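Input: a single structure, listed below in C-alpha cells.
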Amino acid sequence: MPQKPVRIAPSILSADFSALGAEVEAVDAAGADWIHVDVMDNHFVPNLTIGPMVVKALRKHTRKLFDVHLMVTPVDPLIPAFVEAGADTLSVHPESGPHLHRTIQLIKHHGKRAGCVLDPATPLGAIEYVMADLDLVLVMSVNPGFGGQAFIESQLAKIAALRKAIDALGKPIDLEVDGGVNPQTAKQCLKAGADALVAGTAVFAGGPSNYAANIKALRG
Ligand code: DX5
Ligand code: ZN
C-alpha cells in the first residue's frame, strides 16, 4: 500500500489558550490537515489541560478533523463526552485501560476513528492483537505530558517497524508521530515511514503570521 501524503496536526497545547478559537482558525487557514487536542488529567500524566467542553466550543471554529489524544485514566467514561463534543479520531494509551480492546470497540461503536498511542517504552506487541481494528497508530517521541521536549531518537526504529507491520496488514492505518517534531526530526520520521506528524512548538512558534511557513517546513 503506497504511503499516504503527510498530514500535519498542530497541537493546540502550544497555542495561546486565551484565544483558542482564533488560534484554531489560524492554523486551519495556514494549511493544517488535522487539529491535535491533548487531553491530560493530572493522573495518567502530570499535567491538566482540555476537557470536552473546550472541544465542543472549538468545533464551530473549524471543519478539520479533531485528532483527540486522550491521556486520562480511566478513559472509557470520557469517550462518549468527547464524541458528543465533536472528536473525529480518539486515541488512547494501552496503559490507560484496563481493557484496550473494549475501549477500541467503544470508540468504533460511536462511529469514530480509533487510535492507539505507544509511549517511548511501550513495545509494538502492546497493540499486536488489536491493530486490525485501528484507524491510527500514534508513536510518542517524547514522554507524554508536556510540549517542548526533545525528540527521542530510539523511536525511529519503532516507526519503521510499525510501517512494516501496517503494510503487511494491508490496511490504511495512519502512522502518526507526536513530540519534538521540527523540520529536522520531521524528515527522519517521514523517512522511517510516518505519514502524519503532530507538532506544537514548531507550528505555533512566532505567532499566526508564521503558521503557514511553519507547517510547510514540516512537510519535508
Ligand atoms: C505531549 C503531547 C504533544 C505535545 C507536542 O504529551 O502529546 O502533542 O503537545 O508538543 P511539541 O511539538 O512541542 O513537542
Ligand atoms: Zn499529543
Side-chain angles (χ1 to χ4, degrees), residues 6-17 20 23-24 27 30 32-52 54-55 58 64-73 75 78 82 87-96 113-122 134-156 158-159 174-190 194-207 210-211 213-220:
V6 60
R7 273 71 43 85
I8 304 295
S11 161
I12 58 169
L13 193 61
S14 296
D16 176 355
F17 269 42
L20 272 185
E23 289 279 66
V24 165
V27 286
D33 297 286
W34 302 340
I35 307 296
H36 186 80
V37 181
D38 287 305
V39 178
M40 306 186 187
D41 66 349
N42 192 41
H43 178 61
F44 184 66
V45 291
N47 200 355
L48 186 63
T49 60
I50 290 169
V54 175
V55 173
L58 291 174
K64 301 264 164 88
L65 182 152
F66 273 150
D67 180 34
V68 176
H69 177 188
L70 295 168
M71 289 162 273
V72 300
T73 185
V75 65
L78 277 173
F82 278 100
D88 297 291
T89 304
L90 294 99
S91 296
V92 300
H93 290 247
E95 298 85 356
S96 67
R113 285 162 40 87
C116 271
V117 192
L118 298 178
D119 267 354
T122 304
L134 298 178
D135 300 286
L136 178 144
V137 178
L138 174 55
V139 175
M140 289 304 298
S141 40
V142 299
N143 285 294
F146 303 96
Q149 304 180 78
F151 186 86
I152 300 171
E153 297 268 337
S154 59
Q155 300 309 299
L156 290 169
K158 191 189 286 178
I159 296 165
D174 298 318
L175 178 49
E176 188 177 38
V177 183
D178 184 6
V181 172
N182 58 38
Q184 289 72 44
T185 56
K187 271 195 190 66
Q188 295 175 288
C189 294
L190 298 176
D195 54 22
L197 301 173
V198 176
T201 308
V203 167
F204 287 93
N210 288 355
Y211 295 167
N214 290 347
I215 290 171
K216 190 163 179 275
L218 296 172
R219 292 195 189 276

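Both ligands and their constituent atoms are indexed starting at 1 by order of listing. No experiment lies behind these values; they were computed from the predicted model shown. Both backbone and side-chain heavy atoms feed into the values below; hydrogens, waters and symmetry mates do not.
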Worksheet item: Under a 4.0 Å N-O cut-off, is there an ion pair linking Arg113 with Asp174?
Response: yes

Practice prompt. Output yes when a side-chain donor or acceptor of Asp119 lies under 3.5 Å from a complementary backbone atom of Thr122, and no otherwise.
Written response: no

Worksheet item: Tell me, which residues have any heavy atom less than 4.0 Å from some atom of ligand 1?
Response: Ser11, Leu13, His36, Asp38, Met40, His69, Met71, Met140, Pro144, Gly145, Phe146, Gly147, Gly148, Asp178, Gly179, Gly180, Val198, Ala199, Gly200, Thr201

Item to complete: Kindly give the heavy-atom pair with the smallest separation between Val92 and Val75, and that separation in Å.
Response: CG1-CG2, 3.8 Å

Discussion item. When you measure from the side chain of Thr89 to the backbone of Asp67, do you find a donor-acceptor pair of N or O atoms at a distance under 3.5 Å?
Written reply: no

Discussion item. Less than 4.0 angstrom from a charged side-chain N to a carboxylate O is my criterion; do Lys64 and Asp33 meet it?
Written reply: no

Worksheet item: Does a side chain donor of either Asp38 or Thr49 reach within less than 3.5 Å of an acceptor in the other side chain?
Response: no

Would you list the atom pairs, donor with acceptor, under 3.5 Å between side chains in residues 136-153 and any protein atom, with sequence neighbours excluded?
from   : atom 1 : to     : atom 2 : distance (Å)
Ser141 : OG     : Asp178 : O      : 3.1
Ser141 : OG     : Gly179 : O      : 2.6
Gln149 : NE2    : Asn143 : O      : 2.8
Gln149 : NE2    : Phe146 : O      : 3.0
Glu153 : OE1    : Gln188 : NE2    : 3.4

Item to complete: Using the test side-chain hydrogen bond (donor to acceptor under 3.5 Å, both in side chains), find all partners of Glu176 that sit at least two apart in sequence or belong to another chain.
Response: none

Worksheet item: In terms of ring plane angle, is the pair His69 and His93 parallel, tilted or perpendicular, where the classes change at 30° and 60°?
Response: parallel

Discussion item. Keeping to distances under 2.8 Å, can you name the protein N/O/S atoms close to the Zn ion (ligand 2)?
Written reply: His36 NE2, Asp38 OD1, His69 ND1, Asp178 OD2

